[in-house]
Amino acid sequence: MFLEFKKEVEQVLKKALKRASYEYTELELEESEHADISSNVAFSLARTYKKSPAVVAEEIVRYLEIPSDSDDTLISKAVAAGPYINFYVSDFFLHETVRKIKEGIEHVGEKKGKIIIEHTSANPDGPLHIGHLRNAIIGDVLVRVLKRAGFDVETHYYVNDMGRQIGVVVCGAERIAFAANKKADHAVADVYIAANRLVDANSEFLKDVEALMRKYESGDEAAVRKYEAVVKKCLSGIQTSLQRLNIRHDLFVWESEFVRGGAVEAVMEELKQKGDIKFDGSGSALLLKLDGIEKELVIQRTDGTSLYTTRDLAYHRWKSDRCDRVIDVFGKDHELVSQQLSKALEILRVKVPEFVIFEFVSLPTGSLSTRAGRYIAADELMEKIEQRAYEEVDKKRKDLDEGKKLEIARKVGIGALRYDMVKVSPDKHITFVFEDALDIEKKGAPFIQYSHARACSILRAAEEKGYVIADDYDASLLREESEMELIKKLSKLGYVIGSSELKPHLVAKYARELAESFNLFYKDCPVLNAEEELRNARMVLVDCAKIVLSDVLDVLGIEAPEEM
RNA sequence: GGGCCCGUGGCUUAGCUUGGAUAAAGCACCGGCCUUCUAAGCCGGGGAUCGCGGGUUCGAAUCCCGCCGGGUCCGCCA
C-alpha cells in the first residue's frame, strides 16, 4: 500500500508544481523520520529561482490540492517544515492496508517477464562450504524476491563437469575407493584431496587425467559413464545440503551438454567471423580482443579444445533465448570473467546478463580452499547451529515435547544461518568466525521468528477463549502510536520488495524493523483484555502482522514457527 | 604495476546509486521492567573528528582528485 501512497504523492506534487509554474527535474521524494514521505524539491528549485527553500516549500504547499474530505485519498495532509515538504498518510490508507492484507491481496506483484537466475554452481568435487553458502543464500533470496515481485523465475545450477578438477576426481576414483559410510559429497572430497596429492607426486597420473578428459570431451561412452557416476554422486550430496537450507534449483545444466551438442563450436565459429581474433604469438591459441578490456580472452586452447569461458558463452546464449532477463550470482573472483562474458555476448548479439557479485568469505586462518582441505563444510555448520539452537529451546521451553523442540531448533538454527548470510551487503567481505555464527542469542532471525510466534500465541489464546477474528472490525479504533506505526510498516513489504530487487540485504533489514514494530505494539497494546470492539480490531491487526511476518520470512527463505 | 570492491561508536553492520532536518541499528557494557496475550522481549544510559588530505557546494558519510590500509582479479584453471 505504501507504493500507492507514494504514487499519489507524486501526482499531487507534480500538479502543484505545475500550477506554481516551477520547472523541476526530480521530485526528490524520500522516506523520512519526520514524515511518512518527504520531498526535498524546494532546495533545487530555490537555487534556480533564487528564492529561499523555505519560501518555495511554503508556496508549493499552498498549491497542493489534497482532497481532505474525500473518502479514498491516501494522503491526510502535507505541511512545509522549513525547506521540506512533508506528507502524511490518511486513515483510509491505514484501513486499506489492513483490509488488503487481511484479504490476501496486498503485496502481490503483477505478472512480469521470465528470469533465469543461476546461483551456487559449486564444482562437483566436494561438499558445499561456507563460501558456496553465501552464493546459495543470496541467490535463493533473490529468487524469492523476484517471484514475489511477479516474475516467472527459473533457477539454474550450472554443473562444471569439464574442468581439470573434475577430471582429477574421476580419474582418482579409479584408484581410490569412496568411503561407504560418508555423505556422498564428502566422500568425493576425500578422493579429490587424495587425488590431488597423486597429481603432485606423480606425473603419470596427470597424463591419465588428461587422457580421460579428452575422451570425455569427445563423448567416449565409458568415460561418460565414469564422469556421470562421480558427478551425480557429488551432486546428490550437495542437493541434500541445499534442501536442508530450504533451497532448490529447477534445473541442473551440465557444461558438457554444450560441447557435445555443438553449441560451443557454433559460438567459436561465430566469434571467428564477427570478433577481432588473432593467434597467440607463441602457440596457436585463439585470442579474442574485447572492447574496453586490456587483456585478450583466450577462447580456444592450442590443442583446439574449448575453455570454461567459451562454454559459458554457449550456455548464456541458450539461457537468453529462453527468457527476458538473465541473472548470475558470482563470487568476486569471477568479476573479470563476467565482464569478458558480457563483451563477448555483445559480439554474438546475445542479451547481456545482470550480475550479482558478492565478496569473499574467509576464515580467520586465511582464504578457503577445498583442494587444501581448508574449508568449513556447510553440513558441519548446519549440524552445529541446529544443536546450539536446540540447547536454547531446551532451556526456554521445558514444557514442549522432544519432537517439537527439535523442529523449532531446526527452524531457528537454519533461519539464523540464512539471515546471517543475507543481512550483509554482498559487496562486503566476511571473515567467518565459527563461534560467532553459533551465537543464536544475538541473531536476527530468531528475533523475527519470535515476533511471529508471539502473534500466533495471541491468536491461539484468543481461540481458546472463543474469540474469532471478525469480518467487521473498526480499524479506526487503532489510534495508538504503535498501532499506526505497525500498520505503516506492514504496508511497506511490496515497496521493499520492488526496490530491493538485487539487494537482498534490504529485505533482511525490513524484516527486522517489522518485528521491532510488532514488539512495540505487543508491549503497548493488550489485545485479549481490551474491550470487545477494540479487541476485534486488534486481533485483525495481529493477524495481519502474522501474515506479513511470515511473508517476509518466506522471502528470506526462513521458516516461521508458530511457537518457540 | 593496472582494474574492481571495502574502510562508519569497542565489535558487526545500514545509509552512498539520486548530496539536505540531531549519522541509524544489532552485539558488548551500565541501570531498570516478568500478579495482564511467550523476557529469544521492552525501556533508559554512556560511547563515532563516517580511514587520511584536498576539492566542488548554501550544505558532503554520500560527488570528484590524491594518499594509506585490507580483499580480489590480471591469456591457454574454473
Side-chain angles (χ1 to χ4, degrees), chain A residues 25-26 28 30 32-35 38 40 42-44 46-47 52-53 81-84 86 121 123 125 160 162-166 255 280 282-288 293-303 305 307-309 311-312 331-337 339-340 357-360 362 367 389 392-393 395-397 412 420 423-431 433 436 439-451 453-462 465 503 505-506 508-509 512-513 515-516 519-520 522-530 538-539 542 563-564:
Chain A
T25 48
E26 284 283 338
E28 304 189 45
E30 276 168 19
S32 162
E33 52 190 307
H34 306 279
S38 175
N40 296 331
F43 280 108
S44 50
R47 193 174 169 72
S52 102
Y84 306 96
N86 290 339
S121 302
N123 287 351
D125 55 16
N160 296 315
M162 298 216 63
R164 194 178 302 269
Q165 306 308 312
I166 293 308
E255 195 181 7
D280 183 31
S282 54
S284 50
L286 258 190
L287 302 180
L288 173 64
I293 297 178
E294 188 125 6
K295 305 255 175 172
E296 289 103 347
L297 177 67
V298 179
I299 57 168
Q300 190 177 56
R301 289 197 186 96
T302 304
D303 66 5
T305 56
L307 286 110
Y308 162 83
T309 324
R311 301 190 288 263
D312 217 11
K332 184 73 182 169
D333 55 340
H334 278 57
E335 194 175 44
L336 178 61
V337 168
Q339 285 165 10
Q340 292 169 327
I357 304 280
F358 65 95
E359 269 287 358
F360 267 57
S362 60
S367 58
E392 264 335 286
V393 184
K395 202 159 62 191
K396 291 180 165 126
R397 297 298 304 272
V412 169
D420 219 25
K423 73 176 183 194
V424 180
S425 159
D427 48 29
K428 223 88 170 183
H429 178 263
I430 293 178
T431 303
V433 181
D436 292 355
D439 200 344
I440 288 289
E441 283 275 67
K442 57 171 136 173
K443 293 300 166 195
F447 176 83
I448 303 157
Q449 291 171 314
Y450 184 67
S451 303
R454 275 180 152 178
C456 292
S457 173
I458 292 175
L459 296 174
R460 241 186 342 260
K465 294 191 176 203
K503 296 177 186 166
H505 64 287
L506 297 182
K509 184 173 174 250
R512 172 163 246 297
E513 289 168 358
E516 206 166 49
N519 283 337
L520 290 180
Y522 181 90
K523 180 204 50 158
D524 284 351
C525 306
V527 177
L528 303 180
N529 292 332
R538 284 184 176 166
M539 274 172 61
V542 171
E563 60 181 322
M564 60 188 277

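In what follows, every chain begins at residue 1, and chains take the letters A, B, ... in the order their sequences are listed.
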Sugar-phosphate, base or nothing in reach of V393(A), heavy atoms under 4.0 Å: base
Paired nucleotide for rG1(B) [Watson-Crick or G-U wobble; both distances under 3.5 Å]: rC74(B)
Distance, rounded to the nearest Å, where D439(A) contributes CG and rA40(B) contributes P: 15 Å
Distance-only polar pair, side chains of R311(A) and N160(A), donor-acceptor under 3.5 Å: no
Backbone N/O of L307(A) and side chain of R301(A): donor-acceptor pair under 3.5 Å: no
Gap separating the CG atom of D312(A) from the NE2 atom of H334(A), nearest 0.5 angstrom: 8.0 Å
N/O (side chain, K423(A)) to phosphate O (OP1/OP2, rA25(B)) under 4.0 Å: no
Closest non-hydrogen atom pair, A515(A) against F447(A): CB-CE2, 3.5 Å
Touch class at under 4.0 angstrom, heavy-atom based, for R397(A) against every strand present: base
Along RNA chain B (nearest heavy atom to each residue), the more 5'-positioned of H505(A) and P526(A): H505(A)
Non-hydrogen atoms of M564(A) and R397(A) that approach each other most closely: O-NH1, 2.8 Å
N/O (side chain, K428(A)) to phosphate O (OP1/OP2, rG7(B)) under 4.0 Å: yes
Nucleotide nearest I440(A) when distance is taken to its side chain, options rA40(B), rC77(B), rC76(B): rA40(B)
Sugar-phosphate only, base, or nothing, as touched by H429(A) at under 4.0 Å among non-hydrogen atoms: sugar-phosphate
Short side-chain N/O contact from R47(A) to OP1 or OP2 of rG59(B), under 4.0 Å: no
Atom pair distance, as rounded to whole Å: NE2 in H334(A) and P in rU72(B): 15 Å
Any R301(A) side-chain N or O less than 4.0 Å from OP1/OP2 of rC77(B): yes
Of V298(A) and F447(A), the one whose closest RNA chain B nucleotide lies more 5': F447(A)
N/O donor-acceptor pair, side chain S38(A) with base rA21(B), under 3.5 angstrom: yes
Sugar-phosphate, base or nothing in reach of E513(A), heavy atoms under 4.0 Å: nothing
L528(A) side-chain proximity, nearest of rC76(B), rC37(B), rU22(B): rC37(B)
Closest to side chain of V412(A), choosing from rU22(B), rC73(B), rA40(B): rA40(B)
Proximity to the side chain of E335(A) - top-ranked nucleotide from rC4(B), rG71(B), rA14(B): rC4(B)
Whole angstrom value for the distance that separates C1' of rG2(B) from CD1 of I293(A): 14 Å
Touch class at under 4.0 angstrom, heavy-atom based, for K396(A) against every strand present: base
Nucleotide nearest P446(A) when distance is taken to its side chain, options rA78(B), rC42(B), rA40(B): rA40(B)
Selection from rC37(B), rU17(B), rA21(B) that lies nearest to any side-chain heavy atom of Y522(A): rC37(B)
Y308(A) side-chain N/O to rC76(B) phosphate OP1/OP2 under 4.0 Å: no
Euclidean distance, atom NZ of residue K295(A) to atom P of rG2(B) [Å, nearest integer]: 13 Å
Sugar-phosphate, base or nothing in reach of S32(A), heavy atoms under 4.0 Å: base
Sugar-phosphate only, base, or nothing, as touched by R538(A) at under 4.0 Å among non-hydrogen atoms: nothing
Protein-nucleotide distance (E359(A), atom CD; rG71(B), atom C1'), rounded to Å: 6 Å
Check: rA40(B) base within 3.5 Å donor-acceptor of N519(A) side chain: no
